[in-house]
Q: 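Quick one: this structure, given as C-alpha cells, is what I'll be asking you about.
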Amino acid sequence: MQSNPLLENLNDLQELAAKVTDTNVLVEAGPGTGKTRVLTARMAWLIAQGCKPHDILAITFTNKAANEMAERLGAAGLSGQLQITTYHSWAFNFLKDRVPDRACPVVVTENEQKRILTEVARSEGFDGKIKAIFDRIQFLKQSYPIKIEEEPEDVQLLWKLYHDRLSAYNLYDYDDLIIAAIDHLESQGNKDENVLSYYHVLIDEFQDVSPAQYKLTQLIASHGCRVMAIGDPNQSIYGFRGSDPVFMRRFETDFSPCTRISLTSAYRCPQRLLDAARIVLAVEEAPVLKSHKGHAGNITFKKFQTPEKEAGWVARKIDQLSGGISFESLNQGIASGQGLRSLSDIAILFRINRIGQIFAKELEKAGIPYQFGGAANPLSDEKLNKLWHLLEFIEGRDIDYHLFMLRPEERKRLLSLTSNLKKEMKAMEPSNLLKTVSRLLKFQYSTSEARLLKKAIKWHQRGRPLSLALKAEQDVLDFHVEAVSLLSLHASKGLEFPVVFITGCEQGLIPWEKGDIQEERRLLYVGLTRASEQVFITCSMRRHLYGEKIETQPSPFLEDIDELISKEKGHRKRRKKARQKKLF
DNA sequence: GAGGTTCAACCTTTT
DNA sequence: GTTGAACCTC
C-alpha cells in the first residue's frame, strides 16, 4: 500500500481523526488547527484502505472550498471520482436525477425571490408588510420540520402564493433544493435501495449547518455510512442565514456511536492572539488552544477622532510595513527596510462593507494597491442576471418566466418592442445585442463589468447560459497579486494573513447594535484569529453612518483583553498634543 | 413614457 | 446620505 503525502506529518489527534472508521467522528477544530488537513488526510486514508472514490462524499459550504479541496487532493494524486460538493449542488443534482416530472430545476436568486413574492402578493391585493413576511418565510425555509400551519394567516397565504408561482415556472429557490431533497428522501428514500450508497460522508464547516441541512445529513447517512463532521462552534457567524452551532453538540448523540476529537494544537496564530481571542469569546467551555508559533505575537490598539484619520493612519502603517515607497514615508525617513511585508500579507477587516470604502480612498491617496474580497457586488450581479433573462426573452424561450424576472417598468419597455425590432435583435451579434439591450434597460457598466460581459459572451456562444458564465467569472481575491486585501469580518473566515487590521472596533459596529451579542463576539474571534503574526485594532471616536453623526466609544470587547494589548510608546505625548490642538 | 417627489430602508452572505 | 420602489404629473 503506497503512502500518500496527505497522510504524512499529522499530529496524533489529526491522525486519529483521519483514521477512525469504526465510529462516526466529530472533530472540533479551532482556527489554524489543520481542519482541511484532516479532511484531506481522511479521504486519502479511506482510499488507501481500499474505499472506492464514488463511495465517499465530501460536503462543503461554498464552491470555492470544494474547489480548493479538490485541488489539494488532485495535487496529491487523488483526483478522479471523488465527490466534493456543496449541500446545494448535491441536492440540485440529486433532484435532477430523481424528480422526472419536473424538468431540470431552475434556481432563482434572492432578488428574484423578492420580486416574485412582492408581485404575487400585490396581484392578490395583499397590502401588509411584505418585507417582514419575506424574512419570516426565508427563516422558515431553513428550519425543520417546517410548521407552516402554525404561522399567522398572512404568512401562510404568501407562502402558498409564492410557492404556487415558483412551481408554475418550475423554479426553485436555494432553500427549496434542500427541502425538496429532504421530502424526496423521506417519502421514497427507504424504498429505493439505490438512492444512496455512500460509505463515508465528510462534512466541512459543520457549525454552519441549518436545521434543514442537518436533517438532510441524517437522511443521507441513514444507510449505515460513517460520517465525519468537522467544524468550530466558536466560528459560527452565519446565524442570520440559519446556521446553528447547536448541531455540533447534537451530532454526538444523533450520530452515536461517535468519537469526539478536539484539535488544540494551533499552527497559525501566536499564543497571545489565541489567548485574546478566547477571552473575547467569553465561552467557558471553549477549548484552550496551544500555539506552536515561536513568538508571542502582538496586538496594538489605536483610536482616532475621525474615520478618515483612522484610515489615513492604517494606510501609512501599511506603507511603512511594506517598505515605504510613498513620498511621505521617504520624506519622513520611516522606511526601515527591515522585515518588510508584501502587500498581500496584509488584510484590513471591517464590520460593514460601507466602511471599506473609506480605506479604499485613503489607500488610493497613498498609492497603495488594494483588492476587495468577499461577495461580488450584488447590484452588478443582478444587472447581469437581468441581461440574461432579456437575452432569453429575445431568443423567444420561456417568455412568461423571463418577463416575470424584470421590474414592471423594464417589462413595459420590453413589451413595447415591435416584432420587427425583435427580429432584428435576434439577428445581431451577441456583443451588439448586449449593447442594444443594455441601452434599452439603461444599464451602464463599470470596466470590470464590461470585462466580465466580454468573457461571458464567449461562454454564451459556446452554449452556456449567460448567467452561469457570469457567475463563473466573478472576481475573487487573488493572493498572488501584490495588493492589500479589504474584507468584511465575515468574508475573512477561512483566510489567513500575517498582518491584520481590525477597524471600526467601536460600540455599535463591533458589536453591531442589533446583532446577537454572542455571535458578535465570535465575529471578533474570527477576525483576531486570521492573523499569523500581528493585529492592529483601530477605532474612530466619531462615525458618520446613514446620514447620522454619532459619537462612539471603543468596543466593550476590548476592555476584556486590555492586558494583552501592547501600549504604544509615546502614548502620553500624543495625548498632550491632542489636547493642545483642541485649544485652537 | 419620461421625469419628479416622497418614503422607507439601510449588516453580515452562500447556494 | 443613498437607493430603490411607489406614486404622482405633464
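Each chain gets a letter, A, B and so on, in the order the sequences are listed, and its residues count up from 1.
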Q: Return the nearest nucleotide to the side chain of A:Trp512; candidates are B:dT13, B:dC11, B:dT14.
A: B:dC11
Q: Does the side chain of A:Thr86 get closer than 4.0 angstrom to OP1 or OP2 of B:dT14 through an N or O atom?
A: no
Q: Considering only B:dT13, B:dT15, B:dC11, which nucleotide approaches the side chain of A:Thr62 most closely?
A: B:dT15
Q: With pairs taken as Watson-Crick or G-U wobble and both distances under 3.5 angstrom, which stems of at least three consecutive pairs involve DNA chain B?
A: B:1-10 with C:1-10
Q: Quick one: is B:dC11 close enough that its OP1 or OP2 comes under 4.0 Å of any side-chain N or O from A:Asn353?
A: no
Q: Taking 4.0 angstrom as the limit, do A:Asp173 and A:Lys114 come out as a salt bridge?
A: no
Q: In whole angstrom, give the distance that lies between atom CG of A:Leu349 and atom C1' of B:dC11.
A: 16 Å
Q: Per the side chain to side chain donor-acceptor pair (under 3.5 Å) rule, what does the pair list look like for residues 229-242 of chain A, sequence neighbours excluded?
A: A:Asp232-A:Gln235, A:Gln235-A:Arg530
Q: Any N/O pairs under 3.5 Å between the protein and nucleotides 6-10 of chain B? List them or say none.
A:
none

Q: Write down the distance between CG (A:Leu117) and C1' (C:dA5), rounded to a whole number of angstrom.
A: 15 Å
Q: Got a sec, which residues hit side-chain contact (heavy atoms from CB on, under 4.5 Å) with A:Asp135, two or more places apart in sequence or on another chain?
A: A:Lys131
Q: When all nucleic acid strands are considered with a 4.0 Å heavy-atom cut-off, which category describes A:Phe61: base, sugar-phosphate, or nothing?
A: sugar-phosphate
Q: Counting the benzene-type ring for Trp, do A:Phe247 and A:Phe206 have ring centres under 6.0 Å apart?
A: no
Q: Taking atom C1' of B:dT15 as reference, at what distance in whole Å does atom CD of A:Gln142 sit?
A: 10 Å
Q: What contact category does A:Asn63 fall into here, base, sugar-phosphate, or nothing, at under 4.0 angstrom with non-hydrogen atoms?
A: sugar-phosphate
Q: Using whole Å, report how far CG of A:Asn93 lies from P of B:dT15.
A: 15 Å
Q: Below 4.0 angstrom, N of the basic side chain to O of the carboxylate: do A:Glu205 and A:Lys493 qualify?
A: yes
Q: Rounding to an integer number of Å, can you tell me how far A:Arg241 CZ sits from B:dT15 P?
A: 8 Å
Q: In whole Å, I'd like the distance from the CH2 atom of A:Trp90 to the C1' atom of B:dT14.
A: 19 Å
Q: Which pairs of donor and acceptor atoms, one on a side chain in residues 348-363 of chain A, lie under 3.5 Å apart (sequence neighbours left out)?
A:
| unit_1 | atom_1 | unit_2 | atom_2 | d |
| --- | --- | --- | --- | --- |
| A:Arg351 | NE | A:Glu520 | OE1 | 3.1 |
| A:Arg351 | NH2 | A:Glu520 | OE2 | 2.9 |
| A:Glu362 | OE2 | A:Lys365 | NZ | 3.3 |

Q: Give a yes-or-no answer on whether the side chains of A:Thr538 and A:Glu310 include a donor-acceptor pair shorter than 3.5 Å.
A: yes
Q: Assign A:Asp173 to base, sugar-phosphate, or nothing according to its heavy-atom contacts below 4.0 angstrom with the strands shown.
A: nothing
Q: Answer whether the closest heavy-atom distance between the side chains of A:Phe497 and A:Ser485 falls below 4.5 Å.
A: yes
Q: Suppose we call two aromatic rings close when their centres sit under 6.0 Å apart. Are A:His88 and A:Tyr172 close by that rule?
A: no
Q: Please tell me which of A:Glu519 and A:His88 maps to the more 5' nucleotide of DNA chain B, matching each residue to the nucleotide holding its nearest heavy atom.
A: A:Glu519
Q: Under the side-chain contact (heavy atoms from CB on, under 4.5 Å) test, which residues partner A:Gln218, sequence neighbours left out?
A: A:Tyr214, A:Lys215, A:Asp254, A:Phe255
Q: Nearest whole angstrom, please: distance from the C1' of B:dT15 to the CD of A:Gln213.
A: 9 Å
Q: Nearest to the A:Arg351 side chain among B:dT15, B:dT13, B:dT12, which nucleotide is it?
A: B:dT12
Q: Decide, applying a 5.5 Å centre-distance limit and a 30° plane-angle limit (both strict), whether A:Tyr87 stacks on B:dT15.
A: no
Q: Send over the distance from A:Phe92 CZ to B:dT15 P, rounded to a whole Å.
A: 14 Å
